[in-house]
Amino acid sequence: MFSITDTIVAIATPPGRGGIGVVRLSGRDAHEVARRLITHEGALEPRHATFTLVRPNPRATGPNPDATHDSYGVSGFCRTGSDAIDQVVATYFPAPASYTGDDVVELSAHGSPVVLRGIVEAAMDGGARLAEPGEFTLRAFLNGRIDLMQAEAVADLIDAVTPLQARAAFDQLQGTLTRAIGEIDAALFDLIARLEASVDFPEEGYHFADPRELVGSIALLIARTESLLSDARRGRLVREGLQIAIVGKPNVGKSSLFNALVGASRAIVTDVPGTTRDLVTEVVDVGGVRVTLVDTAGLRATRDVVEVEGVERARRVQGVSDLILLVLDRSQLLDDADREIICQTTEYKRLIVSNKADRAPAWESAWEEKTQAVSATTGMGVDALRRSIAEALDIEPLTDRPEITNVRHIALVERARDALARARTAASPDGGRLSEEFVLADLQHARAALEEISGRRAPDDLLAHIFSRFCIGK
C-alpha cells in the first residue's frame with residue numbers, strides 16, 4: 001500500500017485538451033508546496049479562489065533547496081528561467097474538510113497537457129510525489145471521509161455510461177447502501193452483545209436473549225438481507241451491463257446494423273466481403289442498461305490469415321455474449337453458409353434479424369423462430385429491434401435505482417444471509433437449540449461479512465485491488 005504521510009500531486013481532469021485542467025495536491029505539506037509554485041504572496045485563504053501564476057522553478061524553500069536539476073524538465077519548461085508556466089486559480093481546502101481529509105490545493109489552469117504536466121513536474125520539484133491510481137480516494141477512505149462502498153461508488157460514477165448507472169452510483173456515494181448495511185449491522189451488533197453477555201456470565205443464570213425472541217430477531221435480519229438481495233440481479237445489470245454479438249456471413253449488413261443501433265458511423269461499411277476483420281465494440285443504452293455491441297467478422301471459410309483470425313474471434317465472442325443478433329440478407333436467397341450459421345447458433349440466446357427489408361424479399365422464414373425485419377440503411381424496424389432486444393435480455397423498464405449493484409457487495413450480503421440462516425437453525429428447537437456459543441459464532445461470521453463490505457475489515461490486498469481501477473487523479 002501507499003504511504004499516507006507524503007504530499008501527492010496528479011492531474012485530476014481527463015487526458016486530452018480542454019478549456020480547463022486541474023492539478024490536485026493533497027497531504028500535510030500541500031499548502032506549502034503550492035505556495036512554492038505560485039507568485040501569490042502570503043498564505044492562501046481557505047475556500048477562496050486566488051488568481052495567480054505558476055512558476056516552473058519552485059522557490060528554494062523546499063526540503064531540498066540545494067538540489068540540482070537539469071535546466072529543462074520532462075515537460076520542456078525551463079527550470080532556471082523566470083517565465084511563468086500559466087495563469088491558474090488556486091483553491092485551498094484545509095484538513096479535515098476536504099475530499100481526502102488532508103490539506104488539499106487545486107490549481108485550475110488552461111487544459112493543455114503540456115501545461116498541466118509542467119505544473120505537476122514543478123510540484124514534484126517542490127516536494128510532492130506523483131500520486132498512484134486512486135490514492136486521493138484511498139486517503140478519503142483511510143481518513144474516514146467515506147467508507148469503502150462510497151469509494152467504489154466514486155469509480156462507478158466516473159465509469160457510468162447510462163443515466164441510471166450514474167444515478168445508482170450517486171445514490172451509493174450519498175450513503176444509501178451504507179445506511180442499509182449499517183442498520184442491519186447495528187441490529188446484529190446488539191444481538192451479539194446480548195449473547196456474549198449470556199455466554200460470559202453463565203453462573204449468574206441470566207439469559208440476555210430469550211431463545212424464542214432470538215430466533216425471531218435473526219429471522220428479521222435474514223429478511224432484511226434478502227430484501228437487499230431481491231434487487232441484486234437488476235443491480236448487476238445496471239452496473240455491469242450486457243454484451244450482444246452481431247454475427248452472420250459477409251455482406252449481410254452486420255456493420256450497417258451495428259452503426260444503426262449505435263447511432264453513429266463507427267464500423268466501416270463497403271460492398272467488399274470481409275471488410276470487418278476485427279471486433280468493433282461500442283456501448284449503448286438499452287432500457288437504462290449498459291449494453292456492449294460487438295460487430296464481428298463475416299463467418300466464412302477463407303485463406304486470408306488476417307481474416308481467419310477475425311472469424312475465430314467472432315466465434316469466440318459468440319460464446320461469451322448474452323445475446324446474438326444473427327443477421328441474414330432478406331433480399332438474397334439463403335445459401336448453405338446461412339443455414340450452417342443458423343444451425344451453429346441454435347444453442348445460444350439469439351434474435352434472427354432479416355436485414356435489407358426495404359428491398360423485395362427473396363425468402364420468408366421457414367422456421368418457428370420469429371425474425372425481426374429491419375433495414376439498417378433506412379432505419380426501418382430498428383426501434384422495434386431495440387424493443388425486441390430488451391425483451392430477449394429480460395430487461396424490465398429500469399426507472400428505480402437498485403440499492404445494491406456491486407458483485408462484491410452482493411456476494412458478501414449472501415455470505416451474511418447464509419451465516420444468519422445457520423444461526424437461526426442452531427437457535428431453533430428444530431435445529432436442536434444448540435448452545436449460545438454456536439449461535440454466536442454464526443452471528444459473528446455474518447457481521448464480519450458486513451464489515452468487509454464497509455471496509456472495516458478489508459485486507460490490504462482487497463484495498464489495492466479496488467483502488468487500482470481508479471484513474472491517477474482520483
Thinking salt bridges, do E451 and R415 make one under a 4.0 Å N-O criterion?
no
Show, in sequence, the C-alpha distance, side-chain angles and deciding distance for R290 and T162, and conclude whether the side-chain hydrogen bond (donor to acceptor under 3.5 Å, both in side chains) test is met.
CA-CA 6 Å; R290 170 192 175 125; T162 70; over 6 Å; no
Tell me the closest heavy-atom pair linking A458 and L148, and the distance in Å.
CB-CD2, 4.0 Å
Identify whether the distance between the nearest side-chain nitrogen and carboxylate oxygen of E183 and R224 falls below 4.0 Å.
yes
Nearest atoms (heavy-atom pairs only) where T137 meets Y99:
OG1-OH, 2.7 Å
So does D322 pair up with K349, basic N to acidic O under 4.0 Å?
no
Intermediate values then yes/no, salt bridge (Lys or Arg N to Asp or Glu O under 4.0 Å), K249 and E340
CA-CA 10 Å; K249 71 178 187 182; E340 183 180 358; over 6 Å; no
So if I apply the salt bridge (charged side-chain N to carboxylate O under 4.0 Å, His left out) rule between D185 and each of R179, R456, R457, which one comes out positive?
R456
Are R330 and D358 close enough for a salt bridge, meaning some N to O gap below 4.0 Å?
no
Given the rule in the side-chain contact (heavy atoms from CB on, under 4.5 Å) test, do T52 and V88 qualify, once you have shown the distances and angles that lead to the verdict?
CA-CA 6 Å; T52 183; V88 299; 3.6 Å; yes
Stepwise salt bridge (Lys or Arg N to Asp or Glu O under 4.0 Å) check, D156 with R469
CA-CA 10 Å; D156 290 343; R469 60 183 283 251; 3.3 Å; yes
Using the six-membered ring of F93, assess whether NZ or CZ of R24 lies under 6.0 Å from its centre and within 45 degrees of the ring axis.
no
From CG (L443) to NE2 (H445), nearest 0.5 Å:
10.5 Å
Below 4.0 angstrom, N of the basic side chain to O of the carboxylate: do R129 and E135 qualify?
yes
More than 12 heavy atoms of other residues, nucleotides or ligands under 6.0 Å from OH of Y348: is that the case?
yes
Salt bridge or not for R387 and E391, using N-O below 4.0 Å?
no
Hey, is CZ on R47 packed in by over 12 heavy atoms from elsewhere, all under 6.0 Å?
yes
Looking only at heavy atoms, the pair that brings A109 and D86 closest together is CB-OD2, 3.4 Å
Looking at D335, I want to see if its CG is surrounded by more than 12 non-hydrogen atoms of other residues, nucleotides or ligands under 6.0 Å.
yes
Run the salt-bridge test on R386 and D383 with the 4.0 Å N-O cut-off and return the result as yes or no.
yes
To the nearest 0.5 angstrom, please state how far the CZ atom of R234 sits from the CG atom of L164.
7.5 Å
